[in-house]
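Take a look at the structure below.
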Amino acid sequence: MQSDFFRDVYEVVRLIPEGRVSSYGAIARYLGSAKSARTVGYAMNASHGLLPPVPAHRVVNRIGLLSGKHHFGEPNQMQNLLESEGIEIEIDQIKNFEKHFWDPNQELNL
DNA sequence: AAGGTGACAGTTT
DNA sequence: TAAACTGCCACCT
């Protein structure tokens, strides 16, 4: 059973459209806790195997770096999934990150 | 109950 | 300009 905070994080992450990515900080801000970006990542760590699935591969750090790729089953899993959605990646970093960036505050709350 | 950890972010050197 | 440090919140042992 997850805390409300975790559940909220998962809910937002599931709202990320395909071919789009978001950042931990953006999600944290959307939840009202701008400083809890690290906790968002922690929530992602626990998002494995829960239902419905959480597209954790669409969540990266603020510079578009696949910081959490190592936490997937296979390190290349995250990159593979993102490329599958049309996102180009170079050396664990998303190309045109700003173009693919999806900010919940901007898309949902606006 | 207290201390340590971390898939981050912002600030300072 | 790049690298390093500190702050931060929520979770875990």
Side-chain angles (χ1 to χ4, degrees):
Chain A
M1 198 53 177
Q2 282 72 19
S3 301
D4 295 330
F5 191 85
F6 272 37
R7 209 157 40 82
D8 204 1
V9 171
Y10 300 145
E11 190 176 346
V12 176
V13 174
R14 282 192 292 244
L15 290 174
I16 302 176
E18 288 187 12
R20 292 289 165 121
V21 292
S22 188
S23 68
Y24 306 96
I27 296 169
R29 274 189 331 201
Y30 178 73
L31 299 179
S33 302
K35 308 297 182 63
S36 31
R38 306 187 74 168
T39 309
V40 174
Y42 205 94
M44 298 284 86
N45 188 24
S47 70
H48 285 285
L50 57 83
L51 223 53
V54 178
H57 59 275
R58 296 182 193 149
V59 184
V60 296
N61 64 3
R62 70 175 181 93
I63 63 177
L65 190 69
L66 278 58
S67 46
K69 73 162 201 169
H70 207 81
H71 286 258
F72 284 77
E74 296 291 328
N76 55 311
Q77 181 91 6
M78 187 174 184
Q79 180 174 340
N80 201 338
L81 288 168
L82 289 171
E83 288 178 339
S84 226
E85 297 182 356
I87 297 176
E88 299 179 77
I89 300 174
E90 175 186 295
I91 315 178
D92 300 341
Q93 188 172 339
I94 298 175
K95 293 207 243 181
N96 304 320
F97 176 62
E98 296 181 4
K99 193 175 95 172
H100 295 293
F101 183 68
W102 183 86
D103 189 349
N105 294 285
Q106 206 166 24
E107 303 291 334
L108 301 177
N109 194 14
L110 187 58

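All values derive from a computational prediction rather than experimental measurement. Lettering follows sequence order; numbering is per chain, from 1.
Nucleic acid contact class of A:A56 (heavy atoms, under 4.0 Å, all strands): base.
Results of the side chain to side chain contact (heavy atoms under 4.5 Å, CB included) test with A:M78 over A:H71, A:E83, A:H57 single out A:H57 as the only residue that passes.
Side-chain contact check for A:S67 versus A:Y24: some heavy-atom pair is nearer than 4.5 Å. Between A:R58 and A:W102 the shortest side-chain heavy-atom distance does not fall below 4.5 Å. With contacts defined as side-chain heavy-atom distances shorter than 4.5 Å, the pair A:L66/A:L82 qualifies.
Taking a 4.0 Å limit (strictly below) on heavy-atom distances, residues 58-90 of chain A does not reach DNA chain C anywhere.
One hydrophobic cluster, built from ILVMFWY side chains closer than 4.5 Å, cannot hold both A:V59 and A:I94; they sit in different ones. A continuous path of ILVMFWY side-chain contacts below 4.5 Å connects A:F101 to A:I89, so both sit in one hydrophobic cluster.
With rounding to whole Å, A:H48 atom NE2 is found 14 Å from B:dG6 atom C1'. Distance, A:F101 CZ to B:dC8 C1': 13 Å, rounded to whole Å. Taking atom OH on A:Y24 and atom C1' on B:dG10, their separation rounds to 17 Å, with Å as the unit.
Listed by chain and number, the residues in a ring pair (Phe, Tyr, Trp, His ring centres under 6.0 Å) with A:H70 amount to none (sequence neighbours excluded).
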Could you run down nucleotides 6-13 of chain C 5' to 3' and tag each one B, S or - for protein heavy-atom contact under 4.0 Å?
-BBBSSS-
Between A:V60 and A:L65, does the side chain to side chain contact (heavy atoms under 4.5 Å, CB included) criterion hold? Intermediate values first, please.
CA-CA 6 Å; A:V60 296; A:L65 190 69; over 6 Å; no
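Taking only distance into account, the side chain of A:H57 never meets the base of B:dA7 through a donor-acceptor pair shorter than 3.5 Å.
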